[in-house]
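Just so it is clear: chains get the letters A, B, ... in the order the sequence lines come, proteins before strands, and each one is counted from 1.
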Amino acid sequence: MASSVFRSPKGTRDVMAPESDRQRALVAAFADVAVAAGYGQVISPIFEDVRVFHRLGEANDVVTKEMYDFEDKDGRHLALRPELTASIVRAFVQHRPRPPWKAWYEGPQFRHEKPQAGRYRQFTQIGVEVLGPDDPHVDVEVIALAWRFYESLGLSRIRLLLNTLGDPDCRPSYLVALETYLNDHRGDLSEQSQATLATNPLRVLDSKREPDQAVIAGAPLMVDHLSDDAGAHFSAVTDGLQTLGIPYEISPRLVRGLDYYVKTTFEFAGDALESAQNALGGGGRYDDLAEQLGGPATPGIGFALGVDRILLACDAEGVFPAPPTEPQVFVVDVTGGEQAMALTDQLRQAGLRADRAWGNRSMKAQMKVADRSGAAVAVLIGEGELANGTATVRDLRGDTGQQEVSRTDLVATLQQRFAST
RNA sequence: GUGGCCGUAGCUCAGCCCGGUAGAGCCCCGCGUUGUGGGCGCGGUUGUCGCGGGUUCAAAUCCCGUCGGUCACCCCA
């Protein structure tokens, strides 16, 4: 590492096998879950008009400090997407699919942050968005989708944190009450929180700083100031989760980072993770975003899950190992390599994972490579086999020895052996 | 953006405090076994000591800066 002139940029990394196999499998598993629930994939551009992201919040670091934005050769002000919900809603507004529109996505996102465990400048998220219905059962479906997905990976140390941020009928008056309270206790707040209070009072509730805790504990809560409609919506969501048997914790101080959220918000905390970055995913309702992006007023809800963090959690819980990618058959050819060339081609056409050694090395050396490849069987071709029109099939993982098989039967025999795996 | 710790072979690390011209294990390659891996034994390859500057007769070792990693804060997936 130290000797290379170039390195991956700060906060980015190369995901290599077998970790990349695992990431691919994770995304594939999520795709299966989403498709089974009626979601269609959206592959949107990695960069967008920077204004698409301005609705995330003017007081928000993601927008103000962390965006990779640039001007292209035509003078357009673009940004690498820092999240995907805004892109998906932009696509909705642009194409006007008939609601309810259920979309899933996967892909890299970019934020110029200081890297840390589970936090990178390029990171991958998977997620869904539903545009159209404001039915609280949609909230339940979306939350359940994420929950069942975590379960299917084998994760068990996950907590669902649930909150509501109210709606336009009740949030403004609540914010006044909160701001008044915080201003009354301004002197007891940390310097940081005093600054936050000026720009986004809600986020003071999320402070982890010790001196703030006493003030926060006495602060008025959104859940106690809900309008009838917002209250009914929240109750319907919690009722639905109970019906499905999905455990949740009301977390009245849970404040999601992006400003477009209203009503239901949620986060999945990974308790197996030691690091501070233990949020494995989160989401919420954004009923005004489509209109803010120039489309028809259309309620929406969705979530995004951090792929890198989920895999860290899987490591911590010892679940979701990398899928097998080692060859099933390894061809050892000591007659010059022509046989290996032809046979691996045949085996691959037959649907088997097959590999070989290079450089016309000794049988001993090739067998060593075969063993390390993880292959289940080695197929040996030497002068004898070549003369007889046969190949020696040797078991590398058990004690069943080896046998000479006619070349005409070889591929079919191996195909049969690996038929179920 | 702020602060703590770290940066020596492909990997994990010792050496740094008390400056004297670089080590271990693993991995890799070969041989023991000129048609057979996994065990064992023997031998071998591998380093701008992150980078730049300073102090010194001499710097992996001391000092400054810088880049990268890591952890916490901030923020967030």
Side-chain angles (χ1 to χ4, degrees), chain A residues 1-13 56-57 59-66 82-85 107-127 146 190-193 195-196 199-200 203 206-210 212 254-258 267-270 273-283 303-313 330 332-335 357 359 361-386 391-399 401-402 404:
Chain A
M1 154 192 120
S3 58
S4 69
V5 176
F6 296 114
R7 305 188 214 188
S8 53
K10 180 175 178 135
T12 69
R13 64 211 176 114
L56 309 188
N60 190 290
D61 282 359
V62 171
V63 173
T64 56
K65 297 184 204 155
E66 297 175 356
E83 61 119 41
L84 258 158
T85 300
Q109 286 141 78
F110 308 85
R111 290 179 198 172
H112 189 101
E113 296 187 280
K114 188 142 174 176
Q116 211 172 307
R119 185 166 74 184
Y120 309 100
R121 290 185 169 183
Q122 173 174 334
F123 57 100
T124 304
Q125 287 187 338
I126 49 184
S190 65
E191 205 172 307
Q192 272 284 351
S193 286
T196 307
T199 54
N200 194 335
R203 200 157 303 131
D206 210 21
S207 166
K208 291 175 205 160
R209 287 171 292 271
E210 193 49 45
D212 299 332
L254 173 69
V255 177
R256 302 282 308 154
L258 307 174
E267 191 166 296
F268 299 95
L273 290 182
E274 302 276 324
S275 72
Q277 270 64 47
N278 72 337
L280 298 184
F303 64 69
L305 315 182
V307 168
D308 316 275
R309 289 187 188 175
I310 291 173
L311 289 174
L312 287 175
F330 197 98
V332 171
D333 171 11
V334 290
T335 69
R361 299 171 69 192
S362 70
M363 176 166 286
K364 180 187 177 70
Q366 292 196 45
M367 280 301 290
K368 210 165 186 166
V369 178
D371 180 51
R372 281 194 303 245
S373 77
V377 304
V379 171
L380 284 61
I381 300 170
E383 297 301 339
E385 285 88 347
L386 188 56
T392 296
V393 177
R394 180 174 176 83
D395 190 343
L396 292 174
R397 303 300 147 199
D399 241 349
Q402 63 187 45
E404 209 167 327

What is the base-pairing partner of [N], counting Watson-Crick and G-U wobble geometry with both distances under 3.5 Å?
N: B/rU66; result: B/rG50
N: B/rA60; result: none
N: B/rU12; result: B/rA24
N: B/rC18; result: none
N: B/rG1; result: B/rC73
N: B/rG43; result: B/rC29
N: B/rG35; result: none

[X] side-chain proximity, nearest of [options]:
X: A/A117; options: B/rC71, B/rG50, B/rA77; answer: B/rC71
X: A/R203; options: B/rU36, B/rC75, B/rG68; answer: B/rC75
X: A/R394; options: B/rA77, B/rU36, B/rG50; answer: B/rU36
X: A/Q116; options: B/rC73, B/rU36, B/rG37; answer: B/rC73
X: A/R119; options: B/rC74, B/rG35, B/rG50; answer: B/rC74

Name the nucleic acid region contacted by [X], choosing base, sugar-phosphate or nothing; use a 4.0 angstrom heavy-atom cut-off, strictly under.
X: A/Q366; result: nothing
X: A/A370; result: nothing
X: A/G359; result: nothing
X: A/E267; result: nothing
X: A/Y120; result: base
X: A/G127; result: nothing

Taking all non-hydrogen atoms of both residues into account, name the closest pair between A/V393 and A/V379 and its distance.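 For A/V393 versus A/V379, the nearest heavy atoms are CG2-CG2, 4.4 Å.
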Identify the heavy atoms of A/F330 and A/A370 that sit nearest to each other, and give their distance.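 So the minimum-distance heavy-atom pair works out to CD2-CB, 3.4 Å.
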For the residue pair A/L396 and A/M367, establish whether any side-chain heavy-atom pair is separated by less than 4.5 Å. yes
Could you check whether any side-chain heavy atom of A/L280 comes within less than 4.5 Å of a side-chain heavy atom of A/L273, counting everything from C-beta outward?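 The answer is yes, as the side chains (C-beta and beyond) meet within the 4.5 Å cut-off.
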Enumerate the protein-to-nucleotides 2-5 of chain B contacts in which both atoms are nitrogen or oxygen and the separation is below 3.5 Å.
unit_1 : atom_1 : unit_2 : atom_2 : d
B/rU2  : O4     : A/K114 : NZ     : 3.2

Contact under 4.0 Å: [X] side-chain N or O vs [N] OP1/OP2:
X: A/R361; N: B/rC29; value: yes
X: A/K364; N: B/rG37; value: yes
X: A/R372; N: B/rC28; value: yes

Given atom [atom1] of [X] and atom [atom2] of [N], what is their separation to the nearest angstrom?
X: A/R7; N: B/rU48; atom1: CZ; atom2: P; answer: 13 Å
X: A/L305; N: B/rA77; atom1: CG; atom2: P; answer: 11 Å
X: A/M363; N: B/rU33; atom1: CE; atom2: P; answer: 18 Å
X: A/K10; N: B/rC51; atom1: NZ; atom2: P; answer: 18 Å
X: A/E66; N: B/rC76; atom1: CD; atom2: C1'; answer: 7 Å
X: A/E404; N: B/rG35; atom1: CD; atom2: P; answer: 15 Å
X: A/L84; N: B/rC76; atom1: CG; atom2: P; answer: 17 Å
X: A/D395; N: B/rU36; atom1: CG; atom2: C1'; answer: 13 Å

Sorted by chain and number, sequence neighbours left out, side chain to side chain contact (heavy atoms under 4.5 Å, CB included) with A/F123 holds for A/Q109, A/R111, A/Q125, A/D308
If you measure from the Lys or Arg side-chain nitrogens to the Asp or Glu carboxylate oxygens, is any gap between A/D371 and A/R397 under 4.0 Å?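 Result for this pair is yes, salt bridge flagged.
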Comparing nearest nucleotides in RNA chain B, the 5'-proximal residue of the pair A/N278, A/D371 is A/D371
Evaluate A/K368 against A/K364 for side-chain contact (heavy atoms from CB on, under 4.5 Å), listing each step before the verdict. CA-CA 6 Å; A/K368 210 165 186 166; A/K364 180 187 177 70; 5.9 Å; no
